[in-house]
Enquirer: 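Sharing a structure with you now.
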Amino acid sequence: MTLTAGPSTAAEPARAGRREWTALGVLMLPLLLVSMDVSVLYFAIPSIAADLRPGATQQLWILDMYGFVLAGLLVTMGSLGDRVGRRKLVLVGAALFGAASVAAAYAHSPGALIGARALLGVAGACLMPSTLALIRTLFQDPAQRAKAVTLWTTVMASGISLGPVVSGALLEHFWWGSVFLVNLPAMALLLVLAPLLVSESKEAAGGSRFDFVSAGLSLVALLPVIYGIKELAKGGWAPLPALAVAFGVLLGLVFVRRQLRLDEPMIDLRLVRTPAYGGSLLVNLLAMAATVGFAVFLTQYLQSVLGQSPLEAALWSLVPTGGVMVAAPVAAVLAQRVDRAYVMGGGFVVSAAGFGWLVGVERGTPFWVVLVGSAVYAAGLVSAMTLANELALGAAPPERAGVAAAVLEAGSELGGALGMAVLGAVGAAVYTAAMPSSAPAAARETLGGALSASPGVVEAARDAFVEAMSGAAVGAALLMLLAAGLSLVLLRRRA
């Protein structure tokens, strides 16, 4: 196996130098854009709808296709990178991402745009696990690797928040295709500099052959589960999404059974069963459930309750990132001196406190109170997630770093979908109970359905929604306390 850093000894791992840190910077910019593409179309959809005139179903697929394909292919691409080379897969992903961005920008029909978004998802799946896996080989020193993973996690979280801001700013001056063309300079830079700065890393010669059957099973298991959970979260109970979840779970069991029977499986389930990796995977899933599940409520609160414009709401949503920028490096330093389980548990408790702060929000609560609570929960949550990522990556054998990173990211995608479903169900129940029985049926279901009603109904709906957000905050706080407990039970004294 080829590593970028020099040879290490058991006593003192080789420390990365300027070249490795520069390589990390080159890898982070495309990662930022890949994560931004999850949310970059939020403001562009009205312009796309006016130009391409997609149907309602086509519009949903334009928004969701990227995320679905990305989630479904993460494990496959992580495993492929381990075998053919992670740098090679990053370069292929960058070239494909650039080409798909051009195709999306100049798409002349809804179908063409949906297809381009699917290709962007394939490219993103090439890039995301490989960039995290390359950190495992670029940084052999645990302290340096912790700093690098902190940066990786912060960039990922920031990209999703920056997507709406960037698209809103571009659409002020350019046509909707510009939100895709902004990807090109970063991908070109990666194609030029990665071969110069990043050495190839993969399984040793003679490693196992790529398992196409397992790859197909992982794709067709993950996709229907994530699709079904998201659809149930959006529209409530429906037979088709429920069947999709059941079908995906059944195929997931077939996939697990196959991995247990293979001599060289795609995912070594013994790694998943180890507390250091499996425990980190579990708390990461809970963290993403709280993050994504509550973000849905916070976004609607800013726009539909406070009356902010989409761009204004997107800009204010960046404020909590300041807490993350401060807390994540501090947590990484503390983890070098204190058992990281205590630092992670403390981070999740801080996050629970932030959500608890938001439980008391009312219609008349000053806006700064909401911002402070959001900054506190984001700071604690991302700090703990960073340490979980670093612990899991360190627990994986270097030759399987790609699939280990991919499973972590797939768990995060699944956690986000579960968060939307669970916290969404809690919030919906509170909202419906808080609405007067005399309100129209549509107004009693969602805040959006109430905004076209009489002023009295709108005010009642806004009051009810704030109560629903408080209910979701209670659920998120409980998830964080559960994650804190699991960190202490499963991850203490894990190197």
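Throughout, numbering of the chain's residues begins at 1 and tracks the sequence. No hydrogens, no waters, no symmetry mates; every other heavy atom, side chains included, goes into these values.
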Enquirer: Pairing donors with acceptors under 3.5 angstrom, does anything connect the side chains of T131 and W152?
Expert: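 Judged by distance alone, the side chains do pair up.
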Enquirer: Let's go through F294 and F355 carefully: what are the C-alpha distance in whole Å and the side-chain angles of both, what is the deciding distance for ring pair (Phe, Tyr, Trp, His ring centres under 6.0 Å) to 0.1 Å, and is it a yes or a no?
Expert: CA-CA 9 Å; F294 189 77; F355 284 119; 5.4 Å; yes
Enquirer: Under a 3.5 Å distance rule, please check whether N183 uses its side chain to pair with a backbone N or O of F180 as donor and acceptor.
Expert: yes
Enquirer: Tell me if the CZ atom of R363 is crowded by more than 12 foreign heavy atoms within 6.0 Å.
Expert: yes
Enquirer: Where does the angle between the aromatic ring planes of Y66 and F97 fall among parallel (under 30°), tilted (30 to 60°) and perpendicular (over 60°)?
Expert: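 The arrangement is perpendicular - the two ring planes meet at more than 60°.
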Enquirer: Are a donor atom and an acceptor atom from the side chains of S214 and R258 found within less than 3.5 Å of each other?
Expert: yes
Enquirer: Is it true that D51 and W176 share a donor-acceptor pair across their side chains at a distance under 3.5 Å?
Expert: yes
Enquirer: How close do G416 and V292 get, counting heavy atoms only, and between which atoms?
Expert: O-CG1, 3.6 Å
Enquirer: Shortest non-hydrogen contact from L219 to L73?
Expert: CD1-CD2, 3.9 Å
Enquirer: Taking the ring centre of each residue, are W357 and Y377 less than 6.0 Å apart?
Expert: no
Enquirer: Would you name the heavy atoms of A289 and L479 that are closest together and state the gap between them?
Expert: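 Here A289 and L479 meet closest at CB-CD1, 4.1 Å.
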Enquirer: Would the number of heavy atoms belonging to other residues, nucleotides or ligands and lying under 6.0 Å from CZ of F174 be above 12?
Expert: no
Enquirer: Using only atom types and a distance under 3.5 Å, with no angle test, would you say the side chain of T386 pairs donor to acceptor with the backbone of V382?
Expert: yes
Enquirer: Write down the atom of A443, the atom of V457, and the distance for their closest heavy-atom approach.
Expert: CB-CG1, 3.7 Å
Enquirer: Please check: side-chain N/O of S130 versus main-chain N/O of C126, any donor-acceptor pairing under 3.5 Å?
Expert: yes
